[in-house]
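Here the structure comes first, spelled out in structure tokens, and everything after it is commentary.
All values below were derived from every heavy atom in this structure, side-chain atoms included, with hydrogens, water molecules and symmetry-related copies excluded. Residue indices begin at 1 and follow the sequence shown.
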Amino acid sequence: MEKIELEIAALSQSVTQAQSYAVVLREIDGMRRLPIIIGIPEAQAIAVALERVTTSRPLTHDLFRNFCVEFNIKITEIIINDLIEGIFHSKLICEQNGTVLSIDSRTSDALALSVRFKCPIYTHEFIL
């Protein structure tokens with residue numbers, strides 16, 4: 001299945017759901033957008049990384065990144081691979097010492113990690 005590369009285009013308060021945010025993903029080589037509704041903590045985790053805010057102690061996603069670095073685990077890409085009953089499903093594609101693994105993830109967590117690992121975000125045509 002062909003992968004379509006996306007990037008984070010915007011992060012803003014959701015106009016459709018109270019107490020939520022929308023992260024808008026933009027197709028790299030196209031005009032389409034993919035809005036995903038996420039919670040406040042998840043939006044903060046993405047915003048902190050996008051804005052390169054330094055915190056006094058590691059946040060959860062920073063801790064996970066530090067753990068991966070210490071154990072030579074790289075997240076090489078994020079794939080938003082399914083949409084079931086209005087919920088996006090994602091995979092972290094990881095590599096450690098030449099072994100590639102696919103790990104199930106909430107999409108908001110995958111996006112927060114993609115910013116920290118500077119790895120590409122992909123999806124499939126049927127999702128867009």
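- Side-chain heavy atoms closer than 4.5 Å link hydrophobic residues (I, L, V, M, F, W, Y) into clusters, and following such links, even through other members, never connects L59 to L50.
- Note: S114 OG to L6 CG = 10.0 Å, rounded to the nearest 0.5 Å.
- Distance CD1/I73 to CD/E95: 11.0 Å, rounded to 0.5 Å.
- With values rounded to the nearest 0.5 angstrom, D62 atom CG is found 11.5 Å from R57 atom CZ.
- When the side chains of ILVMFWY residues are joined at heavy-atom separations under 4.5 Å, either directly or via intervening members, I127 and I84 end up in two distinct hydrophobic clusters.
- With hydrogens and angles ignored, the 3.5 Å screen pairs no side-chain donor or acceptor of H89 with any backbone N or O of I80.
- Looking at R33 and E27, their side chains never come closer than 4.5 Å, going by heavy atoms from C-beta outward.
- In the hydrophobic clustering of this structure, L83 groups with M1; members are Ile, Leu, Val, Met, Phe, Trp, Tyr whose side-chain heavy atoms approach within less than 4.5 Å, directly or through other members.
- Under a hydrophobic-cluster definition in which Ile, Leu, Val, Met, Phe, Trp and Tyr are linked whenever side-chain heavy atoms come within less than 4.5 Å, directly or via other members, I79 and L111 are assigned to different clusters.
- The two residues A110 and S105 make their nearest non-hydrogen contact at N-OG, 3.5 Å.
- For the pair E77 and E5, the minimum side-chain heavy-atom distance is 4.5 Å or more.
- With a 4.5 Å cut-off on side-chain heavy atoms, T123 and L25 do not count as touching.
- Between F64 and F67, the two ring planes are parallel [angle under 30°; tilted spans 30° to 60°].
- Counting heavy atoms from C-beta outward, R65 and I75 have side chains that stay 4.5 Å or more apart.
- Tracing side-chain contacts under 4.5 Å through hydrophobic residues (I, L, V, M, F, W, Y), one never reaches I78 starting from V48; they form parts of separate clusters.
- Among N81, I37, T107, D82, the one residue that satisfies the side-chain contact (heavy atoms from CB on, under 4.5 Å) test with F88 is T107.
- Distance check: L92 CG to R106 CZ gives 12.0 Å after rounding to the nearest 0.5 Å.
- Considering only heavy atoms from C-beta on, I93 comes within 4.5 Å of K91 through its side chain.
- With rounding to the nearest 0.5 Å, the separation of NZ in K118 from NZ in K74 is 13.0 Å.
- The CD1 atom of I38 sits 9.0 Å away from atom OG of S20, with the distance rounded to the nearest 0.5 Å.
- Here the side chains of Q96 and L101 are not in contact, with every heavy-atom distance at 4.5 Å or above.
- What you find for S108 and I46 is that their closest heavy atoms are O-CD1, 4.0 Å.
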TODO: Begin with the C-alpha distance, continue with both residues' side-chain angles, and end with the deciding distance and a verdict on side chain to side chain donor-acceptor pair (under 3.5 Å) for D109 and H61.
DONE: CA-CA 8 Å; D109 291 328; H61 295 92; 2.9 Å; yes
